[in-house]
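To keep things clear, I will list the structure first and then write my remarks on it.
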Amino acid sequence: MYTLNLFKHAFPLTTAHADKTQTLQRWSSPPVVDSLHRTQGARPLFLLHDGPPYANGALHLGHAVNKGLKDSVVKFKRLQGYFAPYVPGFDCHGLPVELEVERLGHAKDDPPAFVAACRSYAQSQVERQTAQFRELGVAADWDQPYLTMAPRFEAGAAQVFQSLPGAVTRLRPVHWCPACASSLAEAEVEYQTKTGDSLVVLFPVAGANNLFLDVWTTTPYTLPANKAVAYNPTLSYVAAADGPRTRVRLRQPGDEALPDFELAGLMVVSPYTQDTVPVLPADFVSRAGTGLVHMAPAFGTDDFRVCEQHGLAVEQYLDARGRFVVPGMEGMDLAQARAHVLERVAPLVVALSTLEHEYPHCWRHKTPVFFRASQEWFLDLAETRQHALRALDAVTFVPASGRERLTSMLAGRGAWCVSRNRLWGTPLVDPANPDDLRLAARVATEGVEAWQSEGPRRTLDVWFDSGVTHQLVLMQRYGRTADVYLEGSDQHRGWFQSSLLTCAAAGGGAPYKQVVTHGFVVDGTGQKFSKSSKNYQPLDQMLKTLSPDVLRLWTLQQDFTRELKFSGEALALTQERFRKLRNTMRFCLQNLQDFDWTAPPLAHPLDRVQVTLLRKLGADVCQAADRYDFAAAVSHLLRYAESASSDYFPAVKDSLYCDQPDAPRRRQVQHVLGLLVRTLVRLLTPVLAFSCEEVFQYLKTAGAEQADSVLLATLADVRLPAFDDEAASLEAYEEAVEVKGALHRWVEGNRNDRVKGPAQVEVMLSRTVANRLGAFADVLGAADVRQEDAMDDGAQASFRPTAWRACPCCRRHAQSVPDGGGLCNRCVDVQGALSLQ
């Protein structure tokens with residue numbers, strides 16, 4: 001008996017890709033890197049700009065999501081013939097690095113040495129994260145990243161700041177974190193619910209007997225800084241008797257007989273300082289509290305704005321650690337100051353309770369911050385903000401809700417405090433200071449070490465560093481801004497804003513055409529992954545047992561604009577899909593080992609339909625990817641793999657395994673499998689990069705591919721011919737699949753010793769259905785498919801067990817198998833032909 005055409009292949013069904021060395025070397029080879037990231041040629045340009053992760057600490061699953069999405073975007077674009085370079089970036093300055101360097105034993109009393117230690121530490125973190133990103137399969141230009149600590153970048157960012165209009169220095173209140181010992185930008189502040197004071201204290205009206213204002217505050221410790229009382233002129237106030245006192249408050253039900261009390265021009269005595277202060281109109285005052293608000297311009301931006309308009313001075317009350325520096329309160333922290341002030345004003349306190357309200361916290365330390373008057377540099381955003389909002393009209397947001405989120409944050413944004421009291425950062429150069437200019441001239445070659453060489457000098461907000469990368473990276477390398485920024489949803493208040501504002505301040509439009517945001521990783525219960533929770537696992541530990549392809553497939557198969565749920569169940573489903581996709585490609589590799597890759601004409605309708613489906617698959621996947629709907633793209637790929645495995649592969653197995661090796665029909669099927677695996681390996685590269693590189697190298701060894709890596713392959717490399725009557729053929733094929741479904745349901749309902757599957761069933765079709773199905777009858781996998789003239793033309797099909805016997809070679813039930821056993825006529829013919837060779 002002749003040997004069937006059954007081949008094994010070294011490509012495994014599943015793998016953890018534990019050894020990535022050879023693949024990573026291939027992806028980092030000069031020809032691959034040059035083609036992917038450095039030499040455009042005639043290809044159209046697509047620019048994704050990488051928001052720089054902070055260079056501190058090991059990577060986690062959130063990093064894998066972010067970088068995997070970005071890497072998939074550019075890989076899908078390259079499939080379509082774009083030059084889509086990926087220049088990675090790292091945010092290197094700022095407080096976390098300073099804190100870690102201090103923990104390692106470096107003191108700030110030698111600024112140049114401390115800054116040098118910061119640079120060394122940040123560089124080690126860049127190298128550590130780069131190695132882990134490579135392990136994830138992110139094919140970026142890792143040898144030429146942009147670093148915010150690069151001396152040329154530091155000098156460039158400093159020059160950008162000097163060139164922007166509206167930069168001023170002044171003493172005014174800013175959010176201040178005592179743990180950071182520095183001012184914070186609005187983007188570094190988040191609001192959390194906190195229980196605080198609700199105090200009503202009486203302010204005596206100057207020149208009047210027993211007449212008081214009911215003044216409200218939630219920060220008793222700020223009363224020593226009181227400069228005025230605010231009211232809202234659109235509200236109604238009354239003076240109501242309270243024993244020997246008369247108290248001015250908001251009009252309440254039952255006050256109809258009381259006349260309005262006029263507050264304009266009134267002066268009152270501040271209860272702590274005993275200074276006489278004015279009562280001022282203010283639009284920010286609401287009916288909350290008493291409608292009369294204590295104002296301390298050193299401790300609040302609204303207070304500062306109103307008091308500044310009336311010429312009231314700002315003073316500094318706190319040091320960098322949040323301790324009072326004014327006489328009588330030296331060294332007191334906020335809690336001690338609160339107790340001291342309440343004791344001092346106790347005779348005038350008429351109400352003291354607690355109140356839950358949203359309170360600013362440091363984004364990094366998660367601890368409460370406070371306002372502190374400090375001499376800082378600010379960018380006036382009054383005009384810039386409006387210009388930025390207009391620029392967003394030309395920007396597309398994915399999801400669409402991102403537009404409202406970003407515009408609402410911009411609309412309420414005040415001046416940007418860009419100065420920091422830190423050593424490790426981009427120089428903040430005062431153009432009016434000759435020493436600043438002299439030291440800044442050395443930064444491009446010596447780095448920030450030169451800036452700090454003559455004692456501590458201020459640096460810029462790190463959000464300014466990353467915010468100007470559109471100018472210092474994209475414009476310098478490519479001469480234009482980005483097609484897309486893709487980051488986590490928290491960057492509406494961070495990088496998306498700082499990039500837009502710096503671009504708008506310089507007179508430009510938006511630095512991006514599209515803004516795409518993804519959600520955060522949560523576990524199966526919806527709890528956010530964090531180091532403090534038991535659900536956290538370092539990424540390097542996960543990669544010891546999981547292929548990066550599995551993590552990328554898990555990311556791309558779900559709606560990434562929402563929370564991404566990672567659980568045991570989700571992982572098991574992803575691994576099953578991972579095996580399915582690999583198995584689809586493995587089937588092709590197994591059956592192509594004796595194929596010479598010469599393309600015979602595709603005559604069989606079943607093969608032609610499969611090529612049509614392949615071409616449609618490529619179009620559907622690319623269209624979904626272009627709108628960043630990766631879940632739809634993966635769904636198309638999974639459905640195709642399932643369809644090919646369950647419908648096409650079973651229909652052609654008989655020819656592949658049992659026909660003479662060089663039979664025309666078998667060679668045509670192999671031709672389709674070649675087109676299938678070459679197309680699929682390209683479309684799956686953004687999803688399963690390591691798996692596809694494996695397959696591609698097998699194909700290259702067989703002579704089917706010429707490029708050095710699958711990363712250089714495009715869809716245009718695979719010629720998928722078009723055919724006449726494709727629509728009709730597709731319709732007939734789909735009807736055959738529908739009849740196959742009915743056959744399988746009939747088998748399940750009639751399973752017995754004679755009927756164990758479709759191979760033991762004969763299918764009768766009406767004349768109309770038989771004519772439509774034609775050559776697609778093999779899809780059914782039945783013993784026989786024939787026309788039944790007596791069948792009602794409205795019926796689709798009928799089924800019955802076959803009396804035919806199975807051929808011991810091809811295992812098909814055929815009428816030609818002899819009663820006593822033996823081969824079917826087809827297998828006899830094949831055996832005879834092989835014996836003559």
Just checking Gln386: does its CD atom have more than 12 heavy atoms from other residues, nucleotides or ligands closer to it than 6.0 angstrom?
yes
Given the side-chain rings of His49 and Tyr478, with only the six-membered ring counted for Trp, is the space between their centroids under 6.0 Å?
no
Can you tell which of His106, His93, Lys108, Arg422 makes a side-chain hydrogen bond (donor to acceptor under 3.5 Å, both in side chains) with Glu98?
Lys108
Of Asp333, Leu334, Asp319, the residue whose pairing with Phe324 passes side-chain contact (heavy atoms from CB on, under 4.5 Å)
Leu334
Regarding Asp143 and Arg134, does a basic nitrogen lie under 4.0 Å from an acidic carboxylate oxygen?
yes
The test is side-chain contact (heavy atoms from CB on, under 4.5 Å); show your working for Tyr86 and Asp71 and say whether it passes.
CA-CA 8 Å; Tyr86 189 166; Asp71 190 47; 4.1 Å; yes
Would you call the rings of Phe299 and Tyr317 parallel, tilted or perpendicular if under 30° counts as parallel and over 60° as perpendicular?
tilted
Check: Thr459 main-chain N/O paired with Arg420 side-chain donor or acceptor under 3.5 Å:
no
Is the side chain of Thr407 donor-acceptor paired with the backbone N or O of Glu404 at a distance under 3.5 Å, no angle test?
yes
Where does the angle between the aromatic ring planes of His492 and Phe496 fall among parallel (under 30°), tilted (30 to 60°) and perpendicular (over 60°)?
perpendicular
Between Thr517 (side chain) and Gly488 (backbone), is there a donor-acceptor pair under 3.5 Å?
no
Could you go through the side-chain contact (heavy atoms from CB on, under 4.5 Å) check for Leu104 and Tyr121 one step at a time?
CA-CA 10 Å; Leu104 294 173; Tyr121 174 79; 4.1 Å; yes
Are the side chain of His387 and the backbone of Leu501 linked by a donor-acceptor contact shorter than 3.5 Å?
no
Does Gly166 offer a backbone N or O that forms a donor-acceptor pair with the side chain of Asp380 under 3.5 Å?
no
Chi angles and distances behind the side-chain hydrogen bond (donor to acceptor under 3.5 Å, both in side chains) call for Asp483, Gln514
CA-CA 6 Å; Asp483 288 285; Gln514 299 168 306; over 6 Å; no
Salt-bridged, Arg323 to Glu330, with N to O below 4.0 Å?
no
For Arg403, does the CZ atom have more than 12 heavy-atom neighbours from other residues, nucleotides or ligands under 6.0 Å away?
yes
For the student: nearest non-hydrogen atoms of Met475 and Gln471, plus distance:
CB-O, 3.3 Å
Does Arg128 come within less than 4.0 Å of Asp540, counting only side-chain N to carboxylate O?
no
Between Phe114 and Leu423, what is the shortest heavy-atom contact and its length?
CD2-CD1, 3.7 Å
Taking 4.0 angstrom as the limit, do Lys67 and Asp50 come out as a salt bridge?
yes
Are any side-chain N or O atoms of Ser35 and backbone N or O atoms of Pro31, one a donor and one an acceptor, separated by less than 3.5 Å?
no
Should Glu315 and Lys227 be marked as a side-chain contact (heavy atoms from CB on, under 4.5 Å) after you check the CA-CA gap, both sets of side-chain angles, and the distance that decides it?
CA-CA 10 Å; Glu315 301 172 45; Lys227 298 295 181 182; 2.5 Å; yes
Pairwise side-chain contact, Ser489 with Arg405, heavy-atom cut-off 4.5 Å (strictly under):
yes
Donor-acceptor under 3.5 Å (Asp91 side chain, Pro52 main chain):
no
Between Ser28 and Leu24, which heavy-atom pair has the shortest distance, and what is it?
OG-O, 2.9 Å
As a quick check of understanding, evaluate side-chain contact (heavy atoms from CB on, under 4.5 Å) for Trp451 and Val429, giving each step before the final call.
CA-CA 9 Å; Trp451 180 247; Val429 181; 4.0 Å; yes
Nearest 0.5 Å please: distance from the CD atom of Gln162 over to the CG atom of Leu428.
9.0 Å
Check for me whether the distance between the ring centres of Phe371 and His175 falls short of 6.0 Å.
yes
At their closest point, which heavy atom of Phe370 faces which heavy atom of Gly322, and how far apart are they?
CZ-CA, 3.4 Å
When you check the gap from the basic side-chain N to the acidic O, do Lys366 and Glu190 get nearer than 4.0 Å?
yes
Spell out, as yes or no, whether a donor-acceptor pair under 3.5 Å connects the side chain of Glu154 to the backbone of Val448.
yes
Met149 versus Ala122, closest heavy-atom pair with distance:
SD-CB, 3.7 Å
Output yes when a side-chain donor or acceptor of Trp142 lies under 3.5 Å from a complementary backbone atom of Ala131, and no otherwise.
no
Is the shortest heavy-atom distance from the side chain of Tyr54 to the side chain of Val97 under 4.5 Å?
yes
Treating Thr148 as the side-chain partner and Cys92 as the backbone partner, does any N or O pair qualify as donor plus acceptor under 3.5 Å?
yes
Please name the pair of heavy atoms, one in Ala225 and one in Pro297, separated by the smallest distance, quoted to 0.1 Å.
O-CD, 4.0 Å
